[in-house]
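So the structure is just underneath, and the comments pick up after that.
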Amino acid sequence: MSIADKLVLQRQRHLKWRKLDALELVLMMLCGALCFGFSMSVTADIVTRTIGHPWLWLQEVTSTLFVYAIFIGAAVATRRNDHLYLTAIAESMHGAPRLVVEIVLRLVVLGVALCLIWYGYLNFLRGFGSFRLPSGTPIASLYVVIPLSGVLIALFAIEQLVNGIANGFDRPELLESEGVILPLQTGAGRSDRT
């Protein structure tokens, strides 16, 4: 099993397009790199402050990596259906009620994505009037990820809506593929015991 097979979640395949698996893989690797970079920059910031020679630019790097990791992570969590687990109620339903709840949930996520796109873009444009210290880069460099995340979240919500309406949201998964341990057959009630 390759690393790509481990990073691209196989759960709920009926809601996903195979062509977006490569994007999910890239986003997962990017999230890992951002979290690793965040951890290293925080560590370096602590060490340089402790020895009395702080690198002030590390705070900018740390905040940038943190914000990018949050918004890219939110997008990939939408694809993997790992976000705020809104589907807990829907998974207890079947048939038409589940279809309605699943569609409403995806439309809510799509609405949030559209808000991220619109207001994130406005915030990005306003960010050219403010600058980060000590580098002097426009704060828009920090805000650019917000509308990008909105676009990705919208894409993944539409993917799930289209496939869910076409294939149904209610499709049982193989329990073994998710690491669920099945109960043992104990043989209780059998007469062949000695």
State whether the side chain of Ser141 and the backbone N or O of Pro138 hold a donor-acceptor pair below 3.5 Å, judged by distance alone. yes
Heavy-atom distance under 4.5 Å between the side chains of His53 and Thr48, does that happen here? no
I need the Ile158 CD1 to Ile153 CD1 distance, nearest 0.5 Å. 12.0 Å
Under 3.5 Å, which donor-acceptor pairs link side chains of residues 16-40 to any protein atom two or more places apart or in another chain?
unit_1: Lys16; atom_1: NZ; unit_2: Leu9; atom_2: O; d: 3.0
unit_1: Lys16; atom_1: NZ; unit_2: Arg11; atom_2: O; d: 3.3
unit_1: Trp17; atom_1: NE1; unit_2: Asn163; atom_2: OD1; d: 3.0
unit_1: Asp21; atom_1: OD1; unit_2: Arg13; atom_2: NH1; d: 3.2
unit_1: Asp21; atom_1: OD1; unit_2: Arg13; atom_2: NH2; d: 3.3
unit_1: Asp21; atom_1: OD1; unit_2: Arg79; atom_2: NH1; d: 3.2
unit_1: Asp21; atom_1: OD1; unit_2: Arg79; atom_2: NH2; d: 3.0
unit_1: Asp21; atom_1: OD2; unit_2: Arg13; atom_2: NH1; d: 3.2
unit_1: Asp21; atom_1: OD2; unit_2: Arg13; atom_2: NH2; d: 3.1
unit_1: Glu24; atom_1: OE1; unit_2: Arg79; atom_2: NH1; d: 2.5
unit_1: Glu24; atom_1: OE2; unit_2: Leu9; atom_2: N; d: 3.1
unit_1: Glu24; atom_1: OE2; unit_2: Arg80; atom_2: NH1; d: 3.1
unit_1: Ser39; atom_1: OG; unit_2: Cys35; atom_2: O; d: 3.0

Distance from Leu155 atom CG to Leu110 atom CG, nearest 0.5 Å? 10.5 Å
Could you tell me whether the side chain of Gln12 and the main chain of Gln10 form a donor-acceptor pair under 3.5 Å? no
Single-linkage hydrophobic cluster Phe124~Ile70, side-chain heavy atoms < 4.5 angstrom: yes
Which heavy-atom pair separates Met93 from Val101 by the least distance, and what is that distance? SD-CG2, 3.7 Å
Evaluate the side-chain proximity of Leu15 to Arg106: yes if any heavy-atom separation is below 4.5 Å, no if none is. yes
Hydrophobic cluster identity match, Phe128 and Val67, side-chain contacts under 4.5 Å: yes
Can you see which heavy atom on Ile146 is nearest to which on Gly120, and at what distance? CG2-CA, 3.6 Å
Evaluate the side-chain proximity of Phe71 to Val144: yes if any heavy-atom separation is below 4.5 Å, no if none is. no
Applying the 4.5 Å side-chain criterion to the ILVMFWY set and letting contacts propagate, would Ile139 and Trp57 be lumped into a single cluster? yes
Hey, is the main chain of Glu60 close enough, under 3.5 Å, to the side chain of Thr64 for a donor-acceptor pair? yes
Closest non-hydrogen atom pair, Phe169 against His14: O-NE2, 3.3 Å
Any sub-3.5 Å donor-acceptor pair from Gln160's side-chain atoms to Thr78's backbone N or O? yes
Closest heavy-atom pair and its distance - Ser41, Thr62: OG-OG1, 2.8 Å
Distance (rounded to the nearest 0.5 Å) between Leu125 CG and Tyr121 OH: 4.0 Å
Treat each ILVMFWY residue as a node, draw an edge where side-chain heavy atoms are under 4.5 Å apart, and state whether Leu152 and Val162 are in one component. yes
Is there a path of hydrophobic side-chain contacts, each under 4.5 Å between heavy atoms of I, L, V, M, F, W or Y residues, that connects Val61 with Trp55? yes
For the residue pair Ile117 and Ala154, what are the closest heavy atoms and their distance? CD1-CB, 4.4 Å
Value rounded to 0.5 Å, distance of CD1 in Ile72 from CG in Leu148: 5.0 Å
